[in-house]
Amino acid sequence: MSVLDKIIAFIPNLISALLLLLLAWIIAVVLKNIIVKGLKAVGFDKWLQKKELSSPDEAKKESEGLITTLGKLAYFLVFILFLPPVFDALNMQSVSAPIKEMMTAVLNFIPKLLVAAVLIVLGLYLAKILGRLVTNLLQGLNMSRFNSYVNFGDKTKEGIDIPQASGVVISVLVGLFFVVQALTVLNLEVFNTIGTAIIAYIPLVVSALIILTLGFVGGNLLSTVITKSTGNAFIGEIAKYLIIIVAVFMTLDQLNFAQSIVNLAFLIILGAVAVAFAISFGMGGKPFAQKQLEKFENKVNEKE
């Protein structure tokens, strides 16, 4: 009789749990149908095709697969939300309590996640706009005519375009700031560490880009001056490449990229180049060096 009384007393709890499960199933099915039919109605497959996320032949199939996945996700999410009251109805608080704590943590985290997502989307959009504005501004100022001063190698070939490169740099920097801010909003220790490291490293990257740009500009200008002064493009090219090499090593050192190895490699390369020049001019390049010096002296005398 005691067992029978317990069973009879438990029947209302069981009925409550079953009713909650039935309600959860109804809501889950309705929500799934709304998502699946709604996304199909708004032409989600065309959006995927427009964004080049699916091929034209398989756009419908892929979108239906993604739509179905989103519907199933909503379906199971509704059941998860109904689990705590179901277990409470069955007087199984030891099971429902951890689920409630987990759901509370997730629900508290969702607003932060939404804010972070908004920041990232807004940041990438603003980064794209600012990058385009900078590019258009520099193109309007005809800054492309200075491309030869920042390019490496043959000036007749197409290389770095100053307006395009500046726009990309601005876009990346602005996008990084917003991404870091979004990671900070999430308030997760790992993301905070990553964000702090990125912010601390950005000034080094900016200064490294400035050094590298000055190296390319200075090398090309010096090459032009030496070529016009001596009438020999070979010496001008040597001076240009030496300055660019120095700028590259300074850039690597600024980025804290294996500083001891970089410094040692620079000294080795510099010493090897000096020895190579000394040997080459001493062994077989003496007439060439004499000829170049005489040519330079004659040009100076003509100016005087």
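Residue indices begin at 1 and follow the sequence shown. The shown structure was predicted, so the numbers you read here are calculated from the model rather than taken from an experiment.
- Two different hydrophobic clusters hold L113 and L73 under the rule that ILVMFWY side chains link at heavy-atom gaps under 4.5 Å.
- Criterion: ILVMFWY side-chain heavy atoms under 4.5 Å apart, direct or through other members. Under it, L81 and M92 are part of a common hydrophobic cluster.
- Linking ILVMFWY residues whenever their side-chain heavy atoms come closer than 4.5 Å, directly or via other members, leaves I120 and L130 in distinct clusters.
- Here I170 contributes atom CD1 and L138 contributes atom CG; the two are 9.0 Å apart, rounded to the nearest 0.5 Å.
- Legend: residues meeting ring-ring contact (aromatic ring centres under 6.0 Å, His included) with F79, ordered by chain and number and at least two apart, are Y75.
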Steps toward side-chain contact (heavy atoms from CB on, under 4.5 Å) verdict (K128, L124): CA-CA 6 Å; K128 185 178 180 180; L124 295 179; over 6 Å; no
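- Legend: salt bridge (charged side-chain N to carboxylate O under 4.0 Å, His left out) pairs involving residues 74-95, not counting sequence neighbours, sorted by first then second residue: D88-K100.
- One distance of note links OH of Y125 with CG of L122; it measures 9.5 Å at 0.5 Å rounding.
- Between the CG atom of L18 and the CG atom of N13 there is a distance of 11.0 Å, given to the nearest 0.5 Å.
- In this structure, the separation between OG on S171 and CG on L126 is 10.5 Å, given to the nearest 0.5 Å.
- The side-chain contact (heavy atoms from CB on, under 4.5 Å) test with L23 is passed by exactly one of L21, L19, I27: I27.
- Residue-environment remark: CZ (F82) exceeds the threshold of 12 foreign heavy atoms within 6.0 Å.
- Note on I35: it does not cluster hydrophobically with I80, by side-chain heavy-atom contacts below 4.5 Å among ILVMFWY residues.
- In this structure, the side chain of T135 engages the main chain of P163 through a donor-acceptor pair within 3.5 Å.
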